[in-house]
Participant: 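Handing you this structure, nothing more for now.
Quick note: numbers below take in every heavy atom, side chains included, and nothing from hydrogens, waters or symmetry partners.
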Amino acid sequence: MDTPKVVLGVSGGIAAYKACELLRRLTESGHDVRVVPTASALHFVGAATWSALSGHPVSTEVWDDVHEVPHVRIGQHADLVVVAPATADMLAKAAHGLADDLLTNTLLTARCPVVFAPAMHTEMWEHPATQENVATLRRRGAVVIEPAVGRLTGVDTGKGRLPDPGEIFEVCRRVLARGVREPDLAGRHVVISAGGTREPLDPVRFLGNRSSGKQGYALARTAAARGARVTLIAANTGLPDPAGVDVVQVGTAVQLREAVLKAAADADTVVMAAAVADFRPETYAAGKIKKKDGKEPDPIVLVRNPDILAELSADRARADQVVVGFAAETDDVLANGRTKLRRKGCDLLVVNEVGERRTFGSEENEAVVLGADGSETPVPHGPKEALAEIVWDLVTQRLS
């Protein structure tokens, strides 16, 4: 098998130094990486660093090694082009087809998937010109991942931070694995819930479950790699934010319901992968519940939590919205799954068998995806991202 050829474009932003970590991850995982920086990027990280880390010569100009026609050949031979960081200036040039250096020429000649990882100040990211350029690139098939929220240069904080290099690498790996230029979820907004809700008993105790959130995060990363705008409602996961994903942190089932319904208002698809507590304590003790010598504790009265999946299915924000649920079962898995599918009213239900050493917290999963149309898609034991790919395959078939 040929070694995948990746072009790493680096534009002139302070986050250019983080691209060194992305380069290391790409090369150590067996990719042949050619770094193509802009001239301004070399003010932040020098050519010697890029050359030493990649094992290839580095140039910014189309006039170097003219006999090899680099402004054409580099893009033609690439399996993936990723630009990280992608400044507002670079996004504008790419959207308008400008070609005044080696990187912009490479972007015009590439016929492989292209990923942009933007990094800039919040005001620049939110400017209508930048948003129109991003929309243009996405419409043409590029994957433009959403920037992260956090500390920017100086004292500023907001949306515009380059996502973690490890998360950008995961997007690149998934895009390469699919091997197609057109991201099939481009222009779609998907909402995903992940993790497990916690229902407080008192200031130090709660009712919870074993869900780690890893399956929901795999769904989010995969959707982002397939071009979607992703909102992830995360309940008590402790996992790093996936690149290109807007993350909303919640704790309880009621908080999760509020966040999901708000995000679902303009969503094409909602995937309820979170393990939502069916019950919560009727009352919350303001102080820690104490042991009383010689006395049994008072009974804890439980009340039902809202059925978010059923509510989403019954009251969809739009008629063609696709709703996907997850069902964790311990016995009679398929029979219980079919019953739950009918009761919840969703389009797809991912049913898996769970237990103390199965699924929860694991990097792998095994499931059957049941469809309201009577379909049944088995997913063999394997990485959770493999299940995520199949779920999105089934969703895209149902999107109008």
Side-chain angles (χ1 to χ4, degrees), residues 190-220 230-239 241-242 245-267 269-286 288-289 299-317 321-330 336-337 339-352 354-356 359-361 365 367 391:
V190 304
V191 176
I192 303 160
S193 69
T197 60
R198 295 177 179 177
E199 310 302 323
L201 293 165
D202 63 22
V204 297
R205 301 182 181 93
F206 60 85
L207 296 177
N209 57 66
R210 298 179 183 274
S211 179
S212 65
K214 291 180 179 178
Q215 184 63 71
Y217 275 59
L219 284 157
V230 183
T231 301
L232 177 64
I233 314 299
N236 309 297
T237 66
L239 299 173
D241 292 351
V245 172
D246 290 324
V247 181
V248 179
Q249 301 287 348
V250 297
T252 67
V254 171
Q255 292 169 349
L256 188 140
R257 174 185 176 274
E258 180 181 353
V260 167
L261 292 181
K262 180 180 179 181
D266 68 342
T269 303
V270 183
V271 181
M272 287 294 296
V276 182
D278 293 322
F279 309 100
R280 68 181 185 273
E282 184 178 45
T283 59
Y284 172 76
K288 180 181 176 182
I289 300 172
I300 297 173
V301 179
L302 300 178
V303 296
R304 284 185 178 273
N305 270 325
D307 191 330
I308 306 170
L309 179 58
E311 184 177 357
L312 284 166
S313 300
D315 189 19
R316 304 187 190 216
Q321 188 176 69
V322 178
V323 179
V324 183
F326 272 67
E329 300 291 344
T330 57
N336 288 336
T339 300
K340 184 170 289 188
L341 175 63
R342 289 191 294 270
R343 188 172 71 249
K344 301 290 187 179
C346 51
D347 301 288
L348 295 167
L349 188 71
V350 183
V351 185
N352 50 23
V354 298
E356 188 171 347
T359 301
F360 286 140
N365 206 344
V391 169

Participant: Considering only heavy atoms from C-beta outward, does the side chain of Lys214 approach that of Leu239 to under 4.5 Å?
Facilitator: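 In contact.
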
Participant: Could you grab the distance from atom CG of Asn209 to atom OG1 of Thr197, nearest 0.5 Å is fine?
Facilitator: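 Between Asn209 CG and Thr197 OG1, I get 6.0 Å after rounding to 0.5 Å.
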
Participant: Look up atom CG in Asp202 and atom OH in Tyr284, then write down how far apart they are to the nearest 0.5 Å.
Facilitator: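 Between Asp202 CG and Tyr284 OH, I get 6.5 Å after rounding to 0.5 Å.
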
Participant: Would you call Thr231 and Val190 a side-chain contact if the rule is heavy atoms closer than 4.5 Å?
Facilitator: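 Not touching, per the 4.5 Å side-chain cut-off.
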
Participant: Just verifying a value: how many Å separate Asp278 CG and Leu207 CG, rounded to the nearest 0.5 Å?
Facilitator: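 Going from the CG atom of Asp278 to the CG atom of Leu207 covers 11.5 Å.
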
Participant: Go through it in stages, so that I can follow the logic: the residues are Leu349 and Met272, the test is side-chain contact (heavy atoms from CB on, under 4.5 Å), and I'd like the CA-CA distance, side-chain angles, deciding distance and then a yes or no.
Facilitator: CA-CA 9 Å; Leu349 188 71; Met272 287 294 296; over 6 Å; no

Participant: Determine, stepwise, if the pair Leu312 / Val260 fulfils side-chain contact (heavy atoms from CB on, under 4.5 Å).
Facilitator: CA-CA 9 Å; Leu312 284 166; Val260 167; 3.8 Å; yes

Participant: Can you measure from OG (Ser313) to CD (Gln321) and round to the nearest 0.5 angstrom?
Facilitator: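 Output value for this atom pair is 9.0 Å.
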
Participant: Kindly check if the number of other-residue, nucleotide or ligand heavy atoms within 6.0 Å of CD (Glu258) is above 12?
Facilitator: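 No, the 6.0 Å shell around CD holds no more than 12 heavy atoms from other groups.
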
Participant: Which distance, rounded to the nearest 0.5 Å, do you find between the CG of Asn336 and the CZ of Arg343?
Facilitator: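 Answer for the CG-CZ pair, Asn336 versus Arg343, is 9.0 Å.
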
Participant: Within a strict 4.5 Å, meaning less than it, do heavy atoms of the Glu199 and Pro281 side chains meet?
Facilitator: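 Answer yes - side chains close enough.
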
Participant: Could you tell me whether the side chain of Thr269 reaches within less than 4.5 Å of the side chain of Val191, counting heavy atoms only?
Facilitator: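 Contact flag for Val191/Thr269 side chains = no.
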
Participant: Please determine whether a side-chain nitrogen of the Lys or Arg among Asp307 and Arg257 lies less than 4.0 Å from a carboxylate oxygen of the Asp or Glu.
Facilitator: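 So Asp307 does not pair with Arg257 through a salt bridge.
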
Participant: Hey, does Val351 have a side-chain heavy atom less than 4.5 Å from the side chain of Glu329?
Facilitator: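 Yes. Closest side-chain heavy atoms under 4.5 Å.
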
Participant: Would you say the side chain of Gln255 lies within less than 4.5 Å of the side chain of Val248, judging by non-hydrogen atoms?
Facilitator: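 A side-chain contact under 4.5 Å is absent here.
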
Participant: Side-chain contact, heavy-atom cut-off 4.5 Å: Tyr217 with Thr237?
Facilitator: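 Tyr217 reaches Thr237 side chain to side chain.
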
Participant: So Ile192 and Val270, do their side chains get closer than 4.5 Å, heavy atoms only?
Facilitator: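 Of all side-chain heavy-atom pairs linking Ile192 with Val270, none is under 4.5 Å.
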
Participant: Please round to the nearest 0.5 Å and tell me the distance separating atom CG of Asn365 and atom CZ of Phe326.
Facilitator: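 Separation between the atoms: 7.5 Å.
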
Participant: Would you say the side-chain atoms of Asn305 pair up with the backbone N or O of Ala253, donor to acceptor, closer than 3.5 Å?
Facilitator: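 Not confirmed, Asn305 side chain does not pair with Ala253 backbone.
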
